[in-house]
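Below is one structure, written out as structure tokens, with a few remarks after it.
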Amino acid sequence: MKSLYYESAKQIVKGKAYFTDDLPPFHRELKAYIITSPVAHGRLKSFDFSAALEIAGVVKILSHKDIPAEKKFGVTTHDQPILVSDEINYYGEPMFLVIAENYEIAYQAAKLVKYELEELEPVVTIEQAIAKDWSLAPSKKLENGNIEQGFKQSDHIIEGIFHIGGQEHWYLETHVAIAVPGEEKEMKIYTSTQNPSENQRLVAEMLGIPYNEVEVEARRLGGAFGGKESQASHYALLAALGAYHTGRPVRLRLERFQDELITGKRHAYLCRYKVGFDNEGHLLAADLEFNGNAGAYTDLSLPILERTMFHAENAYYIPNIRIIGTMWRTNLPPNTAFRGFGGPQGIANIENIINEIAYTLHKDPAEIRKINFYDNQHSQTPYGQEVEHNRLSILYDLAMEKSDYKKHRSEILKFNKAHKFVKRGLALIPIKFGISFTNSILNQAGALVLVYTDGTVLVNHGGIEMGQGLYTKMQGIAAKEFGISPENVKVTATNTSKVPNTVATAASTGSDLNGMAVYDAIEKIKLRMAVALSKYFNEQDSSHTTYPPDLVFENNYIYDGSLPERRISFADAAQLMFVKQVSLSATGYYHTPGIYMDWQTGKGHPFYYYSFGMGVVEVELDLLTGKVKLLRADLLHDVGDSLNPEIDRGQIEGAFVQGMGWTLLEDLRYTDDGKLLNRSPDTYKIPAITDIPEQINVHLLEGYPNEIPTIHRSKAIGEPPFMYGIAPWLAVKDIIAELYDYKNIPNIELPATNDRILLWIDEAMNK
Ligand code: MTE
Ligand code: HPA
Ligand code: MOS
């Protein structure tokens with residue numbers, strides 16, 4: 001299929017695309033600046049704004065006392081204060097909001113705000129939270145088979161601890177919202193959010209006004225990656241609070257330094273494991289425990305934990321398994337959604353275990369992976385869903401072939417014998433990622449499609465464009481279904497007054513859900529057009545009867561399939577519909593069928609389908625500097641029938657590099673009292689062009705449409721390829737394990753950063 005160009009590529013390249021902060025200033029617009037907490041845990045005792053208010057140009061300074069109705073927010077549990085009222089729970093927590101004529105004045109005034117705090121002892125690490133029993137909610141469990149029996153049958157049992165670090169989203173566009181007050185209670189908000197409807201609800205609840213007074217709009221986001229799924233609402237709330245109190249538009253845009261300070265990250269985890277396996281490496285029993293660092297408030301931590309647990313076995317059938325998960329409260333910013341939504345941590349843990357098994361048995365880890373894959377006889381997941389339409393073995397064979405795995409592996413063995421200070425490693429990683437929101441209700445979407453009398457089409461839907469290409473995919477679907485040129489289809493800003501009650505664009509479901517909703521709306525319009533046009537054709541000439549189902553929409557024409565001379569251009573047909581008084585607009589709706597999960601029994605069918613992939617990555621490690629270089633990556637990915645192969649390739653490459661940043665480069669460092677130290681790119685290392693492998697070969701699995709009905713038989717793409725980023729970490733671990741002769745290897749953490757690698761090498765050399 002031909003790939004449409006990214007719909008706003010030209011405007012973006014020319015610098016003419018409007019991101020939220022590019023909207024020209026509104027009449028009498030003010031700016032807001034957040035004063036944040038200088039301690040991770042404490043109490044706000046008193047505050048005094050008098051000196052700050054004397055500065056010319058300061059319009060208002062707001063505290064929790066100025067919030068008219070609901071003072072807290074959250075996704076399901078409203079436990080996060082919009083502004084601190086009493087207890088401070090993280091370093092960087094918003095306490096007050098300064099509203100001024102410009103940012104400079106607001107910033108100057110902020111320095112004059114006085115307050116008194118009482119400091120309390122912070123809890124920063126998971127270990128500390130466990131010691132204090134600060135769990136966010138009761139632990140969750142998934143179980144299948146009988147692990148005790150499984151361990152009895154095992155030839156080998158290994159146990160261990162695995163530390164996984166967090167990750168900063170580093171979207172290029174930091175959080176931003178503009179609130180514009182309207183007549184009476186009306187409030188319009190332009191914001192960079194993945195979830196406009198949630199912003200709408202929360203703003204209405206904070207102000208004590210009905211939902212129909214609040215309109216939220218988002219045209220495009222400069223990246224989100226989950227960081228704007230729940231957390232963008234905080235800035236919409238603060239901007240709206242400012243607008244409410246001043247009666248003037250208020251803009252709030254975070255600087256990078258503040259964005260990194262205030263916002264939550266990917267969850268760090270402490271995992272414990274005990275696994276049993278036979279002499280060939282078949283997994284027989286696994287006892288897995290996940291402890292996540294939730295930060296100060298609930299946010300999305302509980303569904304994130306669920307997704308970790310749903311991915312704890314990745315692509316492997318484990319007959320006897322027990323998975324226990326707990327989220328722990330700490331005095332850090334509330335951690336949140338980040339590409340993969342907990343899945344990457346579950347997958348990294350089991351992949352680490354597979355390498356340990358391979359070291360115990362002196363086998364190639366890829367062999368251990370392959371013999372444990374789900375197959376037709378072994379297809380039941382720990383939560384009872386069958387792995388259907390399994391593409392793992394097809395992908396494995398193709399990955400072996402495309403990457404020339406065997407040859408590379410033997411060359412690497414030779415290379416490593418010949419080189420003392422430079423070593424190479426090769427790792428394969430399978431992906432099986434569940435597609436659907438883990439909270440089944442959220443799997444729904446709506447659309448509004450309008451056809452104008454010149455034959456052009458305007459598409460609205462509930463999804464957010466954050467760079468992933470959703471709008472382009474929707475444009476492609478509308479053009480194909482109407483049989484018109486893509487240039488005649490425009491997808492416009494997502495807005496709560498066009499499509500109501502939408503869900504976050506997340507869980508990689510944006511195109512699956514909205515694509516079906518757009519399709520549904522188009523079907524309705526086409527049916528009306530077909531009925532009216534058939535009647536019109538038959539009236540014009542009664543020698544042949546056209547029935548509505550005979551009409552074909554193709555190449556900008558609508559014609560009778562059995563009498564193609566009977567035709568009318570799409571534009572003329574649209575004009576004719578006006579004359580014939582036929583409606584040319586429709587709403588569409590979709591919900592994913594047949595998915596559910598029962599946490600009482602730990603069984604269900606939480607995913608509509610699985611996305612599969614197989615990656616092979618080769619790395620080189622310089623033992624003297626600890627520097628890792630990625631040499632080559634072969635990524636074989638299953639996207640069903642792709643909606644847009646070029647966009648999908650972009651998603652695969654981008655997700656892989658972002659994943660590699662998490663496993664090898666990015667390292668959030670906190671002080672003992674909970675202050676994040678690295679808050680800019682000089683100390684927080686995101687991948688740069690030099691970190692990308694010299695060769696990335698992306699192969700889309702062709703000829704395998706999705707077996708279950710999805711839009712044009714495609715598959716979701718946004719998150720699954722993030723997991724490829726775990727492969728270079730596995731390859732590095734292999735190299736280090738070899739230095740230790742595969743015995744008494746230290747705990748190799750994730751991320752394996754340059755400095756940590758040096759310490760592990762140093763220890764090995766000095767043994
Ligand atoms: N790609 C870009 N360029 N920017 C983003 O913010 N977010 C990712 C992924 N790809 C993201 C991205 C995440 S976390 C998700 S869940 C999906 O896109 C969401 O979009 P989709 O459901 O339309 O794939
Ligand atoms: N993914 C992303 N966001 C979500 C999910 C999910 O599975 N569940 C609830 N919000
Ligand atoms: Mo993506 S983490 O589901 O926004």
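Quick caveat, the model's predicted, so the values are computed rather than measured. Basis for what follows: all heavy atoms, side chains included, without hydrogens, waters or symmetry-related copies. Residues: numbered from 1 along the sequence shown. Just follow the structure's listing: the first ligand is 1, and inside any ligand the first atom is 1.
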Contacting atoms of ligand 1, where contact means under 4.0 angstrom from a heavy atom of G467
2 (C), 3 (N)
Would you say the side chains of Q658 and H169 form a donor-acceptor pair under 3.5 Å?
no
Residues that K715 engages under side chain to side chain donor-acceptor pair (under 3.5 Å), provided they are two or more places apart:
D638
Between E7 and R219, does any NZ, NE, NH1 or NH2 come within less than 4.0 Å of an OD or OE carboxylate oxygen?
yes
Quick one: does ligand 1 sit under 4.0 Å from the side chain of I717, the backbone, both or neither, non-hydrogen atoms only?
neither
So the atoms of ligand 3 within less than 4.0 Å of a heavy atom of A506 turn out to be 3 (O), 4 (O)
Under 4.0 Å, heavy-atom basis, I'd like to know which part of L442 is in contact with ligand 2: side chain, backbone, both or neither.
side chain
Does any N or O of ligand 3 fall below 3.5 Å from an N or O anywhere on A507, backbone included?
yes
Find all atoms of ligand 2 within a distance of less than 4.0 Å from any non-hydrogen atom belonging to A507, and give their numbers and elements.
1 (N), 2 (C), 6 (C)
State, yes or no, whether a side-chain contact exists between S8 and Y471 at a heavy-atom distance under 4.5 Å.
no
Check whether Y18 forms a cation-pi arrangement with R220 (NZ or CZ under 6.0 Å from the six-membered ring centre, at most 45° off the ring normal).
no
Can a donor-acceptor pair be found, under 3.5 Å and without considering hydrogens, that links the side chain of S440 to the backbone of F437?
no
F338 neighbourhood, listing ligand 3 atoms whose heavy-atom distance to it stays under 4.0 Å:
2 (S)
NZ or CZ of K228 within 45° of Y171 ring axis and under 6.0 Å
yes
Under 3.5 Å: N/O of A224 near N/O of ligand 1
yes
Ligand 1 and G510, any nitrogen or oxygen pair closer than 3.5 angstrom?
yes
Within a distance under 4.0 Å of any heavy atom of E719, pick out the atoms of ligand 3 and give their elements.
1 (Mo), 2 (S), 3 (O)
Should the proximity of F341 to ligand 2, defined as any heavy atom under 4.0 Å, be assigned to the side chain, the backbone, both, or neither?
side chain
Looking only at non-hydrogen atoms, which of F225, Y171, Y6 approaches atom 14 (S) of ligand 1 most closely?
F225
Which of the atoms of ligand 1 are close to G223, meaning less than 4.0 Å from one of its heavy atoms?
6 (O)
Near E229 (heavy-atom distance under 4.0 Å), the atoms of ligand 3 are 3 (O), 4 (O)
Closest non-hydrogen contact found for D691 with M660 is O-CE, 3.1 Å
Ligand 1 N/O within reach of E719 N/O, cut-off under 3.5 Å
no
Which heavy atom of the protein is the closest neighbour of atom 17 (C) of ligand 1, given with residue, atom name and distance?
G718 CA, 4.0 Å
Could you tell me which atoms of ligand 1, counted from 1 in the order shown, lie closer than 4.0 angstrom to a heavy atom of A507?
16 (S)
Sub-4.0 Å atoms of ligand 2 with respect to non-hydrogen atoms of F437
3 (N), 4 (C), 5 (C), 6 (C), 7 (O), 8 (N), 9 (C), 10 (N)
Counting only heavy atoms, which portion of R339 has something under 4.0 Å from ligand 3: side chain, backbone, both, or neither?
backbone
Are H461 and Y590 close enough that their ring centres sit under 6.0 Å apart?
no
Return yes or no for this condition: an N or O of A506 is under 3.5 Å from an N or O of ligand 1.
no
Just need the protein heavy atom nearest to atom 8 (N) of ligand 2, so name the residue and atom and give the distance.
T438 OG1, 3.3 Å
Decide whether a cation-pi geometry holds between R679 and F257; the criteria are a distance under 6.0 Å from NZ or CZ to the six-membered ring centre and an angle within 45° of the ring axis.
yes
So Y610 and Q385, do their side chains get closer than 4.5 Å, heavy atoms only?
yes
Could you check R713, R391, H389 and say which one makes a side chain to side chain contact (heavy atoms under 4.5 Å, CB included) with Y704?
R391
Can you tell me which residue and heavy atom of the protein come closest to atom 4 (N) of ligand 1, and the distance to 0.1 Å?
M466 O, 3.0 Å
For Q200 and Y211, test the side chains for any donor-to-acceptor distance below 3.5 angstrom and give the result as yes or no.
no
Measure from atom 23 (O) of ligand 1 to every heavy atom in R339, H169, Q468 and give the option owning the shortest one.
Q468
Numbered in order shown, the ligand 3 atoms found under 4.0 Å of a heavy atom of G226 are 2 (S), 4 (O)
Of all the heavy-atom pairs spanning V503 and N195, show the shortest one and how long it is.
C-OD1, 4.0 Å
Would L470 count as being in polar contact with ligand 1, using the rule that some N or O on each side must be under 3.5 angstrom apart?
no
Using distance alone, determine whether Q194 and ligand 3 share an N or O pair under 3.5 Å.
yes
List the closest protein heavy-atom neighbour of atom 3 (N) of ligand 2: residue, atom name, distance to the nearest 0.1 Å.
E229 OE2, 2.8 Å
E719 and R339 ion-paired at < 4.0 Å:
no
Compute the shortest N/O to N/O distance between Q651 and ligand 1 and return yes if it is under 3.5 Å, no if not.
yes
For ligand 1, indicate whether the residue A655 contacts it via side chain, backbone, both or neither (heavy-atom separation under 4.0 Å).
neither
How about Y609 and E707: does a side-chain donor come under 3.5 Å of a side-chain acceptor?
no
Can a donor-acceptor pair be found, under 3.5 Å and without considering hydrogens, that links the side chain of Q194 to the backbone of A506?
no
